[in-house]
**Student:** 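My questions will all concern the structure given below.
As a basis for the values below, the full set of heavy atoms in this structure was taken, side chains included, without hydrogen atoms, waters or symmetry mates. Ligands are counted one by one from 1 in listed order, and the atoms in each one are counted from 1 as well. Predicted, not measured: the structure shown is a model, and the values here were computed from it.
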Amino acid sequence: MKKFVYYAPTEIVFGKDTELQTAALVKKNGGSRVFVVYGGKSAVKSGLLDRVMNNLRENGVDALAMGGVVPNPLVSTAREMVKAALEFKADFILAVGGGSVIDTAKGVAHATADPSHDIWEYWTGTPVKKSLPIGTILTISAAGSETSNSAVLTNDAKVPPTKRGITTDFNRCRFAIMNPELTMTLPKYQIGAGAADIFMHTSERYFAAILGNHLTDEIAEGLFRDIIEYGPKGVQDPTDYEAMSEIMWCGSVSHVGLTGVGAKGDTAREGDWSCHQLGMAMSALYDSTHGATLTAVWAAWCRYVRGENLARFAQFARKVYGITEEDDLKASEEGIERTNAFFRSLGMPLSLTELLGFTPDDETIEKIATECTYDRTRKIGSFKSLDYDDIVAIYKACR
Ligand code: NZQ
Ligand code: ZN
């Protein structure tokens with residue numbers, strides 16, 4: 001194996017009733033004044049927010065809660081929260097929710113620690129140099145933000161809005177409380193979208209430009225098989241503790257960087273991330289659910305790029321689904337079809353028409369491709385580098 005760095009500092013506290021350890025974990029990480037970030041109504045309705053606030057206060061930790069984070073979270077919300085966190089003199093940021101809440105909490109932590117920059121500046125090039133400690137109580141298994149070094153926000157002041165992500169180790173949570181029971185109140189659509197996103201966080205790294213390292217492949221193929229088995233079970237019965245547990249742990253392991261480790265070169269395998277970029281443009285313009293944007297484009301992306309390394313797609317089909325077809329092209333096609341059936345079993349869309357609720361015309365596709373390429377200033381992907389014309393072709397193929 002070649003050199004690599006694997007950094008995964010988040011303490012995982014997994015299982016029933018683990019949210020009762022919140023105050024102890026905050027204190028362990030030096031927090032005494034906690035600014036709690038949550039979303040819409042789900043954490044209030046389930047009683048989780050009350051339980052967490054009581055746990056903090058009963059154990060001598062001051063806490064102030066602020067909600068209002070929406071899916072595809074907005075930088076304007078994060079800005080309001082920074083003001084409140086500064087007034088409260090917060091020394092710790094706690095996210096109670098999913099990817100949208102956690103990513104907002106990450107932004108709030110950075111801009112509260114150093115308010116000399118507007119929060120969007122950190123999303124557009126200004127390096128994050130300090131931050132407040134962040135903890136998470138996870139309520140949806142999907143984005144993997146509880147263990148990842150990324151955070152994604154939408155700038156709603158831009159016309160049209162634009163969605164951007166940043167990657168920094170300041171985005172790593174100190175702890176993640178993961179009680180699968182907290183995910184049992186999720187709507188089936190969100191469980192399905194979450195499972196799709198979990199699958200994609202392995203796919204984006206598995207179909208990378210630089211490969212090598214057998215163990216990394218084996219871990220990735222195991223993660224694929226796990227989410228393919230348990231994702232549909234969770235959608236069918238959200239009260240199935242074993243299924244919701246598998247989905248939850250699979251979500252964190254899929255995005256902690258483990259399947260990006262080990263390269264035939266001195267760099268870690270970077271991953272491709274094209275489907276995420278194709279999807280984020282649609283989330284920015286149409287507020288589409290993240291996981292659903294990915295299933296709408298995945299098969300078209302596979303068919304467009306597989307010629308770069310057909311054997312890799314055949315390996316995916318054989319190792320993940322046990323497909324015995326010897327011809328690589330046919331095997332890859334079977335793997336794509338089986339994956340589409342998996343997405344369907346999650347209740348996810350397989351085309352732009354199904355995703356958006358209308359069939360986008362050429363002009364609309366060009367608008368989405370313009371957002372995806374940041375006004376034609378960048379290419380995406382590493383398995384195959386894709387320019388504006390490639391991106392238009394892929395969007396048209398999944399129309
Ligand atoms: O706002 P509330 O009322 O809580 O409702 C949420 C929201 O409507 C609901 N929900 C969450 N937990 C629930 C619940 N409803 C009932 N019971 C519960 N226990 O679910 C809806 C979706 O929540 P959201 O946080 O948006 O979902 P997800 O975790 O999929 O996050 C998506 C966001 O994460 C970003 C995506 O782009 C998107 O903005 N991502 C972040 C990543 C990262 N930081 O590493 C990586 C991902 O690839 C992704 O890009
Ligand atoms: Zn994702």
**Student:** Of the listed options (Leu49, Leu153, Leu186), which comes nearest to atom 14 (C) of ligand 1 when hydrogens are ignored and any heavy atom counts?
**Tutor:** Leu186
**Student:** Quick one: does ligand 1 sit under 4.0 Å from the side chain of Met280, the backbone, both or neither, non-hydrogen atoms only?
**Tutor:** neither
**Student:** Listed by chain and number, what are the side chain to side chain contact (heavy atoms under 4.5 Å, CB included) partners of Ala8, not counting sequence neighbours?
**Tutor:** Tyr6, Val256
**Student:** Check whether any heavy atom of Lys163 sits under 4.0 Å from an atom of ligand 1.
**Tutor:** yes
**Student:** Do any protein N, O or S atoms sit under 2.8 Å from the Zn ion (ligand 2), and which ones are they?
**Tutor:** Asp197 OD1, His201 NE2, His276 NE2, His290 NE2
**Student:** Where's the contact between Thr154 and ligand 1, heavy-atom distance under 4.0 Å: side chain, backbone, both or neither?
**Tutor:** neither
**Student:** Mind checking side chain to side chain contact (heavy atoms under 4.5 Å, CB included) for Ala84 and listing every partner two or more places apart, or none if nothing turns up?
**Tutor:** Phe35, Met66
**Student:** N/O of Gly39 under 3.5 Å from N/O of ligand 1, yes or no?
**Tutor:** no
**Student:** With backbone taken as N, CA, C and O and side chain as the heavy atoms from C-beta onward, which portion of Gln190 lies under 4.0 Å from ligand 1: side chain, backbone, both, or neither?
**Tutor:** side chain
**Student:** Please report whether ligand 1 has a polar contact with Ala43, defined as an N or O pair separated by less than 3.5 Å (distance criterion only).
**Tutor:** no
**Student:** Take every heavy atom of Gly194, measure it against each atom of ligand 1, and state whether any distance is under 4.0 Å.
**Tutor:** no
**Student:** Could you tell me whether Met200 approaches ligand 1 through its side chain, its backbone, both or neither, with non-hydrogen atoms closer than 4.0 Å?
**Tutor:** neither
**Student:** Heavy-atom contacts under 4.0 Å between His201 and ligand 1: side chain, backbone, both, or neither?
**Tutor:** side chain
**Student:** With heavy atoms under 4.0 Å as the rule, classify the contact between Thr139 and ligand 1 as side chain, backbone, both or neither.
**Tutor:** both
**Student:** Are Arg164 and Tyr374 in a cation-pi setup, meaning NZ or CZ lies under 6.0 angstrom from the ring centre and within 45 degrees of the ring axis?
**Tutor:** yes
**Student:** Given Ala142, Ser42, Ser148, Ala143, which has its nearest heavy atom closest to atom 34 (O) of ligand 1?
**Tutor:** Ala143
**Student:** Does ligand 1 have an atom that lies less than 4.0 angstrom from a heavy atom of Ala151?
**Tutor:** yes
**Student:** Tell me whether Lys106 has any N or O atom under 3.5 angstrom from an N or O of ligand 1.
**Tutor:** no
**Student:** With sequence neighbours left out, which residue pairs that include part of residues 27-50 fulfil the salt bridge (Lys or Arg N to Asp or Glu O under 4.0 Å) condition?
**Tutor:** Glu11-Lys28, Arg33-Asp62
